[in-house]
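The first residue in the sequence is number 1, and the count goes up from there.
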Amino acid sequence: MPQWFATMGAVGWPLGLCSLLAVALILERLQVFLALAPLRQAARQAALSACRDCDPQTCERLWRSARKGWSQALGLLLEHRQLAPTQREDMLGCWLLEERQRLSRHLRLLQLIGVLAPMLGLLGTVLGMVAMFADIAALDQPVTPALLADGLWQALYTTVWGLCIAIPALAAGQGFALWAERYLEGVQTLLNRCHLALEGLELTPTMPHAGWASA
C-alpha cells in the first residue's frame, strides 16, 4: 500500500471510492453533454423553415435523419404534424421531461459526493489528531515541535484529499446542471416557435410604438 494512502488511515478507502466514483461520473456526463447537437442560429432557421414550408418528403427525410437531441424532437414534431395542437404539445412536453431526466441523471450523486468527501476528510483529521494526542500522552520524553508538526501533518492530510475530491465534484455537478438548463431552455424555445410555424404563425420582433420612440 502506498505511503500517501496509508497516511489517511481508516477513511482512506471511503475517500478512494468517492474519488473513483466522481471521476467515472464526470467522464460519463461529459460524454453525454458533448454529444448534444449545438443550437446554432443557422440550425434554428433551418428548423423553422422546415416546419413552415415542408412537404411530406422533406418531413420524412428530416424524421429519418433525426437521432438525438433537439433534432429528434423536431423529427417527432414533423412526423406527427397531423395531430391536434394540444396533442403535439403533450408529446413535446413528455419528450422535454425525458430529456431533462436524461441530462440530470447522476448529478445529485455528484453533489452528494461533493458534500460527503470533505466530511470524511474532516473525520480522518479528527481521528488522526486523537491518535496523535494518545501517542503523545504515552511518551515519557519531552514533546518537541517537530513531533507535533509531524502528527498534525498526517492528521490534516485527509482533509486535503477530501477537499480535492469535493471541489471538482461540486463544480462538475453545478456546471452540468447549468449546461442542461441552458440547453433545454433553448430547445424549448425552438420547439415552441416550430409548433407555431406548423400552424402558420411566426414570432416577429415587436416594433416600438411611435410615442415610445419619441420619448
Side-chain angles (χ1 to χ4, degrees), residues 1-39 67-70 72-73 92-139 143-189:
M1 185 182 299
Q3 180 62 32
W4 61 268
F5 189 81
T7 303
M8 290 189 288
V11 298
W13 291 105
L15 283 175
L17 180 60
C18 286
S19 63
L20 291 176
L21 188 56
V23 170
L25 291 176
I26 290 173
L27 292 178
E28 187 270 339
R29 288 291 89 190
L30 189 61
Q31 182 181 10
V32 170
F33 278 84
L34 290 179
L36 294 175
L39 274 169
R67 289 293 179 264
K68 55 187 175 180
W70 66 267
Q72 183 186 33
L92 293 178
C94 290
W95 182 89
L96 283 169
L97 179 60
E98 291 179 358
E99 186 71 359
R100 184 181 299 275
Q101 292 174 346
R102 184 179 75 90
L103 295 180
S104 301
R105 192 173 298 132
H106 305 318
L107 295 187
R108 285 187 176 271
L109 183 55
L110 263 178
Q111 295 173 359
L112 178 62
I113 292 173
V115 172
L116 285 179
M119 296 296 101
L120 288 171
L122 181 59
L123 175 62
T125 295
V126 173
L127 292 176
M129 293 184 71
V130 168
M132 179 192 72
F133 283 112
D135 293 339
I136 290 175
L139 288 176
V143 178
T144 62
L147 181 62
L148 286 174
D150 184 63
L152 289 173
W153 175 82
Q154 293 187 18
L156 293 173
Y157 197 68
T158 55
T159 297
V160 173
W161 273 103
L163 292 174
C164 288
I165 297 170
I167 293 173
L170 288 175
Q174 293 296 326
F176 285 135
L178 291 174
W179 192 345
E181 193 65 30
R182 182 176 179 182
Y183 176 79
L184 290 173
E185 285 178 358
V187 171
Q188 186 172 7
T189 300

Shortest non-hydrogen pair, Ala169 vs Ile113, comes out as CB-CG2, 4.3 Å
Between Arg105 (side chain only) and Arg29 (backbone N and O only), is there a donor and an acceptor less than 3.5 Å apart? no
Look at the aromatic rings of Phe176 and Trp179 and report parallel, tilted or perpendicular, splitting at 30° and 60°. parallel
Taking all non-hydrogen atoms of both residues into account, name the closest pair between Gly162 and Leu15 and its distance. CA-CD2, 4.1 Å
In terms of heavy-atom contacts, Ala166 and Pro118 come closest through CB-CD, 3.3 Å
Which of Leu120, Leu116, Thr158 passes side-chain contact (heavy atoms from CB on, under 4.5 Å) with Pro14? Answer is Leu120
One should read off an interatomic distance between Leu123 CG and Met119 CE, to the nearest 0.5 angstrom, of 10.0 Å
Do you know which two heavy atoms are closest between Thr159 and Gly121, and how far apart they sit? OG1-O, 3.3 Å
As an exercise, state the distance from CG of Leu103 to OH of Tyr183, rounded to the nearest 0.5 Å. 7.5 Å
Once rounded to the nearest 0.5 Å, what's the spacing between atom CD of Gln111 and atom CZ of Arg108? 7.0 Å
So CG of Leu107 and CG of Leu112: to nearest 0.5 Å the spacing works out to 12.5 Å
Nearest non-hydrogen partners of Ala180 and Phe33, listed with the distance: N-CE2, 3.6 Å
To the nearest 0.5 Å, tell me how far Leu110 CG sits from Leu21 CG. 7.5 Å
Considering only heavy atoms from C-beta outward, does the side chain of Gln101 approach that of Leu97 to under 4.5 Å? yes
Flag side-chain contact, heavy atom, 4.5 Å: Glu99 against Val187: no
